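Input: a single structure, listed below in structure tokens.
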Number of protein chains: 2
Amino acid sequence: MKIDPNSNADLSAQIAKSIRDAIISGDLIVDQRLPSEAELSDQFDVSRPTVREALKRLAAQSLIRTQRGATGGAFVNKLSFEEAYPQQITTSTLLLSMNAVSFETACEARYTLERSCAPLSALRRTADHLATMRAEIHRQSQPGLTDEAFCASDVAFHRALVDGAGNPVLSYQLAGAVEAMQPLMNMITFSARDRAKIIELHTALADALEANNATGVDTALAGLESYTTNLAKSVMEKRKNKA
Amino acid sequence: MKIDPNSNADLSAQIAKSIRDAIISGDLIVDQRLPSEAELSDQFDVSRPTVREALKRLAAQSLIRTQRGATGGAFVNKLSFEEAYPQQITTSTLLLSMNAVSFETACEARYTLERSCAPLSALRRTADHLATMRAEIHRQSQPGLTDEAFCASDVAFHRALVDGAGNPVLSYQLAGAVEAMQPLMNMITFSARDRAKIIELHTALADALEANNATGVDTALAGLESYTTNLAKSVMEKRKNKA
DNA sequence: GCCATTTAAATGCCAGACAATTAAATAACT
DNA sequence: AGTTATTTAATTGTCTGGCATTTAAATGGC
């Protein structure tokens, strides 16, 4: 393997790309051991620190894992949904906060995606999913709950709804949209009356889901979306007037 | 800043996490310059190579960019949708290939998400989106087209549909679902008759979109999903019989 | 005042070394 | 023979120190 030292990209970036491509193309398969750092240095004709930088890049994307010791080394990592979740959420969160995405746009995306899961979830949700949702509703009605905890519970509730569709790909894609909204939601402080309204809609949603009533679920979600949007609008309005 | 040398995690991973948290929390803002590698070495009380490994981890996630020269250094990167797309697609592709996700499951997720965009797109699509879709349909009907090119055009067509919803967050989330399907779609070689059928459905979809007919778009998408699923099923069946 | 040169600061890269970890090979002991 | 303790070898983790390269700003010459 050879690397172009005249490219404008870092050597470590080129090496990382080379290995990444090998993983994506299937030349390197899951759990396969990569050559040792010393061997990679020879193959790519670079120093060990440079190889290490390349490997760290791959590790940051969970594409490899490393093990020390005699039989250690870098191994192609089986990328699991569990591992991919946090990265997806981090990226989505930063995208929202760094690109001045309006609350409305983010909210629309989130509820659009979530409503698409509703029919499947109404069909396939297990008792487990329902139990989780009921438990979260109960938590949300506790008086002493902080706004952060309320929002976290809200996220857990909606994730149970999405997971109810029984499609891991769908759950993964939705995770980013739902979780990344949390910081934005936290900016809206909920009054007791607002919470009661949200809990009421959550209950309606759970009831419809329990009855396998897809239309009911969709209606409840639409209600949540418009209520949330209006709430945000009024909060923003108040803040603007104060300032 | 101090790092725990007795943790089981690598120093570079801990440092990367520390800086990443600072970015997420807003302590470090976009375009802000991080301390130089030498300064970071001092602050975290580690060597420069270790700091560099940490920075490469962050660079792999597009959280920072580096610049050489007198006024150079590492800067907090404004994560753009354009930058996040490829990562999202790589991750989604690997998740599908490494986790034995069935074609059916992936296909269901993809069309479920895409159908959720249909109403918005029927409402908001511009002439530009329509033109792209018509152009891709035209390309798809060229006789000499390879299967790969046909699939690539298919992806472009569907991305135009999604982009028509005019919501960047939605487009981003959908990119992974749509693009990650391409390698799976490539495994199904399309006969001329299959292509004609797909083009027919694409045309119906574009027509409905042009008429702002949300229901028509949804019907066409549902048709595409069932046709694709059945096609895949029969292809798999044939392969099993051969073997 | 403008252009060429120098300088300084920073990242990019390398060589060599040592520490820590781990599994396997070996030796010692029962 | 079998089990346990020790040694050994391979590998990653980390450090030191250095040089090359790039870039913008400071300096100097015209």
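Just so you know, these numbers use all the heavy atoms, side chains as well, and skip hydrogens, waters and symmetry mates. Reminder, nothing fancy here: chain letters follow the sequence lines and each chain counts from 1. Note that this is a predicted model, so its numbers are computed, not measured.
The distance between atom CZ of A:Phe75 and atom C1' of C:dT22, rounded to the nearest whole Å, is 12 Å. For the pair A:Leu55 CG and D:dT14 C1', the interatomic distance rounds to 15 Å; values are reported in whole Å. Distance B:Leu58 CG to C:dT11 P: 14 Å, rounded to the nearest Å. Distance A:Glu53 CD to D:dG13 C1': 14 Å, rounded to the nearest Å. Nucleotide C:dA20 holds its C1' atom 12 Å from the CG atom of B:Asp10, rounded to whole Å. Residue A:Glu37 contributes atom CD, which lies 8 Å from atom C1' of D:dG13 at whole-angstrom precision.
In this structure, B:Gln61 CD and A:Gln61 CD are separated by 7.5 Å, a value rounded to the nearest 0.5 Å.
Remark: the A:Thr90 side chain and the A:Thr93 side chain contain no N/O donor-acceptor pair separated by less than 3.5 Å. Side-chain N/O atoms of A:Gln87 and B:Gln88 include no donor and acceptor closer than 3.5 Å. No side-chain donor from either of B:Ser62 and B:Glu83 sits under 3.5 Å from a side-chain acceptor of the other. There is a side-chain donor-acceptor pair under 3.5 Å between B:Asp163 and B:Ser171.
Judged by distance alone, with hydrogens and angles left aside, the side-chain atoms of A:Gln142 form no donor-acceptor pair with the main-chain N or O of A:Arg139 at under 3.5 Å. A distance-only check finds no donor-acceptor pair linking the side chain of B:Asn77 to the backbone of B:Leu63 [under 3.5 Å].
Nearest-nucleotide positions on DNA chain C for B:Gly72 and A:Thr71 put B:Gly72 closer to the 5' end.
Every residue meeting the ring-ring contact (aromatic ring centres under 6.0 Å, His included) condition with B:Phe150, not counting sequence neighbours, appears here in chain and number order: B:Phe190. With sequence neighbours excluded, the residues satisfying side-chain contact (heavy atoms from CB on, under 4.5 Å) with B:Ser41 are B:Arg48, B:Val51. Remark: A:Asp27 pairs with A:Ala22, A:Ser25 by the side-chain contact (heavy atoms from CB on, under 4.5 Å) rule, at least two apart or across chains.
Of all the residues in residues 59-68 of chain A, A:Thr66, A:Gln67, A:Arg68 reach under 4.0 Å from DNA chain D with at least one non-hydrogen atom.
A:Arg110 has no carboxylate O lying under 4.0 Å from a charged side-chain N of A:Glu225, or vice versa, which leaves the two without a salt bridge.
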Pull out every protein N or O sitting under 3.5 Å from an N or O of nucleotides 15-19 of chain D, one pair per line with the distance.
unit_1, atom_1, unit_2, atom_2, d
D:dC15, OP2, B:Ser47, N, 2.9
D:dC15, OP2, B:Ser47, OG, 2.8
D:dC15, OP2, B:Thr50, OG1, 2.7

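Rounded to 10°, the angle separating the first-five-pair axis and the last-five-pair axis of the helix from C:dG1-D:dC30 to C:dT30-D:dA1 equals 20°.
Within the structure, a side-chain polar atom (N or O) of B:Arg52 is placed less than 4.0 Å from OP1 or OP2 of C:dG12.
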